[in-house]
Amino acid sequence: MGQYNKAIVIFLVCLSFMYPPVILSSLADGYTRIKLKRMKLDKASRVVSHFELSHSLRGRYGNNTKSSNGLDIVLLNNYMNTQYYGEIGIGTPPQIFTVLFDTGSSNLWVPSSKCYFSMPCYIHSKYRSRMSITYKSIGQSGAIEYATGSISGFFSKDIVRIGHLVIKDQEFIEATQEPGMTFMTGKFDGILGLGFREISVGNVATVWESMLNQRLVKDPLFSIWLDRSDNEENRDGGEIVFGGVDPKHYKGDHTFLPITKKGYWQFEMGDVLINGNSIGYCQNGCPAIADSGTSLLTGPSSVITEINNAIGIKSFTSQESKSVLSDQSADTIGAPDVDCGKAASMPNVSFTLGGKDFVLTPQEYIVKDGEGDGTHCVSGFMPLDIPTSHGYLWILGDVFLGTYHTIFDYGNLRVGFAKAA
Ligand SMILES: *[C@@H]1O[C@H](CO)[C@@H](O)[C@H](O)[C@H]1NC(C)=O
Ligand SMILES: *[C@@H]1O[C@H](CO)[C@@H](O)[C@H](O)[C@H]1NC(C)=O
């Protein structure tokens with residue numbers, strides 16, 4: 001199996017966009033709640049693109065390219081589906097950015113005013129250090145390189161505001177180059193990683209670590225609720241709570257699983273069942289991560305293909321997903337279509353976590369695009385072969401996190417899942 005030398009950062013970029021006002025609430029309970037907005041599936045750009053990338057940092061950070069656990073290749077997977085994002089402020093006075101809150105990566109980056117030659121920079125908010133009286137120069141260059149493009153820039157330090165939290169001296173990357181289409185169609189300006197320091201490019205303290213070190217949050221945990229309801233009028237996008245848990249957004253108790261490897265929020269997943277019958281793949285455990293930055297649920301192609309066959313999809317083959325990892329160029333594959341009308345007869349798919357079965361019904365794993373007669377449906381299961389030292393990695397993305405409210409318990413190094421409400 002070899003060394004686990006691949007890492008993945010998976011997030012969605014190809015999205016249509018609505019201006020996302022951050023609705024902040026400072027609450028008596030001391031938590032910071034950030035309301036998230038979500039994007040709808042955009043039919044016009046409904047393709048899946050995969051990008052292989054590797055971290056490479058130059059200058060002082062050059063030798064930190066490889067994190068301590070040997071992660072050095074980052075695979076970025078773009079899937080335009082629903083996307084959850086929120087707003088932050090950087091600098092004094094605050095400059096506002098829309099960021100993807102991504103538990104599958106660990107750096108904060110936003111476009112820089114010094115980004116001159118990349119199209120994505122022209123359609124997104126840019127950080128202007130000279131407009132901020134709290135800006136501190138670092139200047140060391142940093143880059144995340146993709147097969148199809150890259151983000152590169154330099155590290156700077158400034159105040160970051162999230163809700164009413166004021167985080168001082170946060171290091172982040174000012175991106176000066178975002179070539180290619182990767183971030184062109186991404187309507188968020190940047191990404192705020194909520195993973196562990198172990199996969200932080202440049203080994204800089206993560207925003208979350210800074211919050212803890214500066215004693216800004218009540219308890220050392222955060223929680224994410226993603227609204228998957230169909231109701232257009234009175235839906236929120238979701239909510240991320242720093243320092244606590246919002247009891248409004250789950251039912252019953254959380255089932256907790258210990259973190260097995262710091263980097264992503266990685267844990268051991270048990271069996272996978274189709275209509276209650278084991279498919280006999282993960283009975284002895286499979287590595288899995290809870291990743292708010294990916295929209296679907298991914299797993300090894302052989303197993304995902306079996307699940308997709310069981311729900312009536314034939315077109316999404318393992319052949320296609322293999323090319324995702326081997327190709328040097330971006331790969332575009334069609335989304336796995338399903339017949340919306342057949343949802344009622346599709347099986348439940350469940351995952352055993354901490355000895356308990358977490359069911360996804362067809363309504364929960366089918367992702368809808370459009371309204372009424374024009375509705376188009378795609379499977380929420382996507383094949384993606386990511387080898388690790390002990391088997392292929394599963395990514396429980398928004399399809400799963402939307403169904404199950406998730407606590408990222410940093411203090412106790414565990415994740416907890418409970419039915420979302
Ligand atoms: C980085 O690593 C290279 C090769 O391992 C070494 O020659 C160089 O001195 C290191 N640089 C720093 C700043 O540690
Ligand atoms: C699927 O799961 C739901 C919710 O747990 C349950 O109500 C339903 O009966 C299940 N359907 C089948 C076919 O097992």
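Source: prediction; values computed, not measured. Residues: numbered from 1 along the sequence shown. Start at 1 and go down the list; that is how both ligands and their atoms are numbered.
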Val359 versus Tyr404: any side-chain heavy-atom pair under 4.5 Å?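 Result yes, sub-4.5 Å side-chain heavy-atom pair found.
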Heavy-atom side-chain proximity of Leu353 to Met269 below 4.5 angstrom: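 Yes, side chains in contact.
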Please write down residue, atom name and distance for the protein heavy atom closest to [atom].
atom: atom 14 (O) of ligand 2; result: Asn348 ND2, 3.5 Å
atom: atom 4 (C) of ligand 2; result: Thr361 CG2, 4.0 Å
atom: atom 13 (C) of ligand 2; result: Asn275 OD1, 3.6 Å

With respect to Phe417, which candidate in Tyr250, Phe267, Phe351, Phe256 satisfies the ring-ring contact (aromatic ring centres under 6.0 Å, His included) definition?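 The ring-ring contact (aromatic ring centres under 6.0 Å, His included) with Phe417 is passed solely by Phe267 among Tyr250, Phe267, Phe351, Phe256.
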Within a distance under 4.0 Å of any heavy atom of Val359, pick out the atoms of ligand 2 and give their elements.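 Counting atoms of ligand 2 from 1, those under 4.0 Å from Val359 are 2 (O).
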Are Trp208 and Phe408 an aromatic pair, judged by ring center distance below 6.0 Å?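 Ring-ring flag for Phe408/Trp208: false, centres at least 6.0 Å apart.
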Atom 7 (O) of ligand 2: protein heavy atom closer than 4.0 Å?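 For atom 7 (O) of ligand 2 the answer is no, since every protein heavy atom stays at 4.0 Å or beyond.
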So among Lys419, His254, His249, which one has a side-chain hydrogen bond (donor to acceptor under 3.5 Å, both in side chains) with His405?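 The single option meeting the side-chain hydrogen bond (donor to acceptor under 3.5 Å, both in side chains) with His405 is His254.
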